[in-house]
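Each remark here refers to the structure printed beneath this line.
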Amino acid sequence: MPKNAIIAYSNAYIALMNIQQIKYFLALAQELHFWKTAGRMHITQSALSRQIQALERELGVQLFERDKRNVKLTSAGQFLREKWEVQINELEFFHEHARQIQLGESGTIIIAHPDSISASIMPDMLSSIASAYPKLKIELVQVRYEDQLEFLRNYKIDLVITRDINNADDIRSEKISTDFLSIVVPENHPFRNAEDLTKETLSSQKFILPIKDGGSSYSDLIQQLFRTYDIVPDAYLHSEFGSAIIALVKKGLGIAVMPNSYMFHEIPGIRFITLPFQTDLFLNWRVNDHHPVLNNVLQFILKS
């Protein structure tokens with residue numbers, strides 16, 4: 001079937017078909033096993049098979065190739081899985097949105113944030129939100145840089161705090177805080193202050209750095225730091241997790257460049273040497289999202 005025809009089916013039929021059938025399809029597309037999917041969806045295997053067959057008849061599209069041992073998605077099935085996952089998430093969000101309109105200030109908000117601020121601005125921010133909205137449930141998650149915008153657009157998270165400047169038209173950003181980069185060394189390291197940091201002394205060090213993300217303004221800032229000292233860092237270890245980097249530094253496996261907000265973690269055995277490189281924190285959310293709970297929380301954070 002031509003791709004344009006599949007798109008037309010996807011857009012037109014999702015409003016007409018039984019949404020539960022699509023949920024069965026998405027579950028089976030993930031499990032690729034009828035028995036496991038039936039158990040997960042709390043129906044019999046034969047009932048699941050009938051629902052999938054009915055969906056295929058309704059669409060006029062074969063969604064799965066199956067025999068006695070294997071189940072796999074067809075090309076059309078893979079395409080619809082990618083499209084419907086987003087649409088179902090949006091529909092469920094809209095239903096939840098409608099419920100929140102009735103509930104007012106109760107509900108759930110999902111906030112993604114970097115580990116670096118877990119002990120600095122997050123405790124005070126969350127304490128204030130909890131005091132203002134005591135019925136609100138808050139879920140905190142950490143999301144990789146390359147997934148942040150996708151998770152926002154697909155309603156998997158509601159807010160994301162990031163050190164990266166956002167240029168997407170459908171995502172709005174506001175700066176909420178600023179701190180600085182630091183060189184992080186073991187407590188017994190000869191580096192004591194910024195005057196100890198020169199091209200010669202830094203060139204002899206092994207670095208433990210975050211994984212470089214293309215297009216990340218935070219990654220660019222770290223590279224700018226190294227250009228200022230006119231060095232190419234000997235970076236032999238990379239990690240996405242700041243807590244892991246700190247543990248490796250403490251073990252004496254190298255030194256690191258990190259936001260000085262990690263100092264609030266109060267980890268013994270390491271030293272922070274603050275540098276004159278400013279790193280901003282931005283609050284990001286969907287431009288056209290009018291979720292009442294989200295709007296309340298946004299206004300509260302931005303006024304604080």
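Residue numbers count from 1 along this sequence. None of the values given here were measured: they were computed from a predicted structure.
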* To do: Give the C-alpha distance, both sets of side-chain angles, the deciding distance and a yes or no for salt bridge (charged side-chain N to carboxylate O under 4.0 Å, His left out) between Glu90 and Arg153.
  => CA-CA 9 Å; Glu90 288 179 347; Arg153 290 178 176 129; over 6 Å; no

Evaluate the side-chain proximity of [Y] to [X]: yes if any heavy-atom separation is below 4.5 Å, no if none is.
| X | Y | result |
| --- | --- | --- |
| Val287 | Ile171 | no |
| Phe180 | Pro259 | no |
| Leu80 | Ile22 | no |
| Tyr229 | Leu197 | yes |
| Pro186 | Val249 | yes |
| Val160 | Ile111 | no |
| Ile121 | Ile176 | yes |
| Ser243 | Ile246 | no |

* To do: Could you please spell out the steps behind the side chain to side chain contact (heavy atoms under 4.5 Å, CB included) verdict for Asp124 and Leu126?
  => CA-CA 6 Å; Asp124 287 341; Leu126 296 172; over 6 Å; no

* Can you name the residues that form a salt bridge (charged side-chain N to carboxylate O under 4.0 Å, His left out) with Glu240, not counting sequence neighbours? ->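 Checked Glu240 against salt bridge (charged side-chain N to carboxylate O under 4.0 Å, His left out); zero matches.
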
Taking all non-hydrogen atoms of both residues into account, name the closest pair between [X] and [Y] and its distance.
| X | Y | answer |
| --- | --- | --- |
| Leu209 | Pro233 | CD1-CG, 4.3 Å |
| Pro114 | Ile161 | CD-O, 3.0 Å |
| Leu136 | Thr108 | CD1-N, 4.2 Å |
| Met258 | Ile245 | SD-CG2, 3.9 Å |
| Gly242 | Tyr262 | CA-OH, 3.2 Å |
| Leu253 | Lys206 | O-CB, 4.5 Å |

Does [X] come within less than 4.0 Å of [Y], counting only side-chain N to carboxylate O?
| X | Y | value |
| --- | --- | --- |
| Arg163 | Asp280 | no |
| Glu85 | Lys156 | no |
| Lys251 | Glu187 | no |

What's the separation between atom [atom1] in [X] and atom [atom2] in [Y], rounded to the nearest 0.5 Å?
| X | Y | atom1 | atom2 | result |
| --- | --- | --- | --- | --- |
| Lys72 | Asp67 | NZ | CG | 9.5 Å |
| His113 | Leu159 | NE2 | CG | 12.0 Å |
| Ile110 | Lys137 | CD1 | NZ | 9.0 Å |
| Leu283 | Met125 | CG | CE | 7.0 Å |
| Asp289 | Asp158 | CG | CG | 7.0 Å |
| Glu65 | Gln62 | CD | CD | 6.0 Å |

Treating Ile, Leu, Val, Met, Phe, Trp and Tyr as nodes and any side-chain heavy-atom pair under 4.5 angstrom as an edge, say whether [X] and [Y] lie in one connected cluster.
| X | Y | value |
| --- | --- | --- |
| Leu26 | Leu59 | yes |
| Leu302 | Tyr133 | yes |
| Trp285 | Phe151 | no |
| Phe277 | Ile222 | yes |
| Leu55 | Ile43 | yes |

Side chains of [X] and [Y]: is there a donor and an acceptor less than 3.5 Å apart?
| X | Y | result |
| --- | --- | --- |
| Asp220 | Ser217 | no |
| Gln21 | Gln51 | yes |
| Thr201 | Thr198 | yes |

Tell me whether the count of non-hydrogen atoms from other residues, nucleotides or ligands lying under 6.0 Å of [atom1] in [X] goes above 12.
| X | atom1 | answer |
| --- | --- | --- |
| Phe241 | CZ | no |
| Phe264 | CZ | no |
| Gln278 | CD | yes |
| Ile165 | CD1 | no |

* To do: Would you please test Gln53 and Glu58 for side chain to side chain contact (heavy atoms under 4.5 Å, CB included) and show each step?
  => CA-CA 9 Å; Gln53 290 170 0; Glu58 184 74 19; over 6 Å; no

* Over 60° means perpendicular and under 30° means parallel, so classify the ring planes of His33 and Trp35, tilted if in between. => perpendicular

Would you find a donor on one side and an acceptor on the other, under 3.5 Å apart, between the side chain of [X] and the backbone of [Y]?
| X | Y | answer |
| --- | --- | --- |
| Asn284 | Phe282 | yes |
| Asp196 | Asn193 | yes |
| His265 | Ile267 | no |
| Ser127 | Pro123 | no |
| Ser261 | Ser116 | yes |
| Thr74 | Leu63 | yes |
| Arg81 | Phe25 | no |

* Can Arg286 be said to sit on top of Phe93's aromatic six-ring, NZ or CZ under 6.0 Å from centre and within 45° of the ring axis? -> yes

* Tyr236/Phe207 aromatic ring centres below 6.0 Å -> no

* Compute the centroid of each ring, for Tyr145 and then for Tyr218, and state whether the two points are separated by less than 6.0 Å. => no

* Does the pair Ser182 and Ile273 meet the rule for a side chain to side chain contact (heavy atoms under 4.5 Å, CB included), with working shown? -> CA-CA 5 Å; Ser182 289; Ile273 302 173; 5.7 Å; no

* Leu73 vs Phe64, side chain to side chain contact (heavy atoms under 4.5 Å, CB included): CA-CA, chis, key distance, verdict -> CA-CA 4 Å; Leu73 283 165; Phe64 296 95; 3.5 Å; yes

* Option among Glu31, Gln45, Gln30 that satisfies the side-chain contact (heavy atoms from CB on, under 4.5 Å) test with Lys36 ->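 That would be Glu31.
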
